[in-house]
Amino acid sequence: MAEAEAAPAAPVAMKPAEAKDDADAALPQTEEEWRARFFDMLDQDQDKQVFTRAKKLTFITELRLLREKSLPAEQQRAAWNHARAYALLRDGDRWDLTVKSDADAPRPRPVACVEDYFSIIKEAHERLNHQAIQATHREVRKMHAKVPRWAVEAYCSGCGVCRVKKRRRKGTGRVVTTTVTYANERWHLEVYRSPNPNPNPDPDPDPDPNPNL
């Protein structure tokens, strides 16, 4: 008689503590790891407004040649299209790029490059003592143009300080104290988590009309 085939083992459910530990282990633990993970998360092709350093240099070169009327005729059409949205920004002996709406502003904001997103967002986020995404994005836009909101969301999702703060908020509950009157005394306790008095700590009463500028 053929031996009966062994039944497949039932999947073992992961304990909540183990699941949390594995989730924490999957997240970057150092700033170097988080910097590398941040740039892996960015999909530069999803947003045509993203500027790399090479793309920004190309725009600056085109606008300078267009101003000097030395740009080849076959490149002028694209350069004029760029000139409708961007303007040259002089920083000492160095040329930079700004958005057209900032051309006449007292302090024009330079266009940010994707290679600098991590440092730009990190400085703004820490300057605000790790406030939420909307506040961080507004702070970034005060000094730089063309940093999209999705890049700020990507950074804040992996911020170690923000993860600890969020974990502490979720773990806040009611503390119960009692006194044991005799050895081996048994108690039945029902622990209730206190409701979060402010489920949305960073409301957006004034949404940005142009979040990618």
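In this text the structure is predicted, and so the values were computed from the model without any measurement.
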Which atom names give the shortest non-hydrogen contact between Ile120 and Ala112, and what distance separates them?
CD1-CB, 3.7 Å

Taking all atoms of both residues into account, what is the closest heavy-atom pair of Ala124 and Val140, and its distance?
CB-CG2, 3.5 Å

Distance in Å, Arg35 CZ paired with Ser119 OG, rounded so as to fall on 0.5 Å steps:
4.5 Å

Check: Arg109 side chain, Thr98 main-chain N or O, donor-acceptor pair, under 3.5 Å:
no

Do the numbers put Lys55 on top of the ring of Phe51, so that NZ or CZ is under 6.0 Å from the six-membered ring centre and no more than 45° off the axis?
yes

Single-linkage hydrophobic cluster, 4.5 Å side-chain cutoff, Leu65 and Tyr86 together:
no

Quick check for you: to the nearest 0.5 Å, what is the distance between Trp80 atom CH2 and Leu71 atom CG?
10.0 Å

Quick one: are the ring centres of Phe39 and Tyr117 less than 6.0 Å apart?
no

Does any non-hydrogen side-chain atom of Val50 lie less than 4.5 Å from one of Lys146?
no

Could you tell me which non-hydrogen atom of Ala87 sits nearest to which non-hydrogen atom of Ala103, and how far apart they are?
CB-CB, 4.0 Å

Residue of the set Arg127, Gln134, His144, Gln131 for which side-chain hydrogen bond (donor to acceptor under 3.5 Å, both in side chains) holds with Glu139
Arg127

Pair Val147-Arg141, side-chain contact (heavy atoms from CB on, under 4.5 Å): steps then yes or no:
CA-CA 7 Å; Val147 179; Arg141 292 182 60 203; 5.9 Å; no

With rounding to the nearest 0.5 angstrom, report the CD1 to CG distance, Ile121 to Asp116.
10.5 Å

Give the intermediate values and the outcome of salt bridge (charged side-chain N to carboxylate O under 4.0 Å, His left out) for residues Arg107 and Asp102.
CA-CA 8 Å; Arg107 295 182 60 184; Asp102 280 14; over 6 Å; no

Take atom CZ of Arg77 as the centre, draw a 6.0 Å sphere, and report whether it contains more than 12 heavy atoms from other residues, nucleotides or ligands.
no

Would you say Leu89 ends up clustered with Phe59 if hydrophobic residues are merged whenever their side chains have heavy atoms under 4.5 Å apart, either directly or through other cluster members?
no

State plainly whether the residues Arg149 and Glu153 are in salt-bridge range, i.e. N to O under 4.0 Å.
yes

Taking side chain as C-beta onward, heavy atoms only, is Arg138 less than 4.5 Å from Lys142?
no

Please determine whether salt bridge (charged side-chain N to carboxylate O under 4.0 Å, His left out) holds for the pair Arg37 and Glu33, giving the CA-CA distance in whole Å, both sets of side-chain angles, and the decisive distance to 0.1 Å.
CA-CA 6 Å; Arg37 176 76 64 85; Glu33 292 177 359; over 6 Å; no

Between CD of Glu62 and OG1 of Thr58, what distance do you get to the nearest 0.5 Å?
6.5 Å

State, with a plain yes or no, whether a side-chain heavy atom of Lys165 is found less than 4.5 Å away from one of His130.
yes

Leu66 backbone acceptor or donor facing Gln76 side chain under 3.5 Å
no

From Tyr155 atom OH to Thr136 atom OG1, the distance as rounded to the nearest 0.5 Å
9.0 Å

So, does Arg163 use its side chain to make a donor-acceptor pair with the main chain of Gly158 at under 3.5 Å?
yes

Any sub-3.5 Å donor-acceptor pair from Lys56's side-chain atoms to Val111's backbone N or O?
yes

His125 side chain to Ile133 main-chain N or O, any donor-acceptor pair under 3.5 Å?
no

Taking Pro148's backbone N and O only, do any of them form a donor-acceptor pair with Gln49's side chain (distance below 3.5 Å, no angle check)?
no

Atom pair OG1 (Thr61) and CH2 (Trp95), whose distance is rounded to the nearest 0.5 Å:
11.5 Å

Arg53, CZ atom: more than 12 neighbouring heavy atoms under 6.0 Å
yes

Sub-3.5 Å donor-acceptor pair from the side chain of Ser157 to the main-chain atoms of Ala154, do we have one?
yes

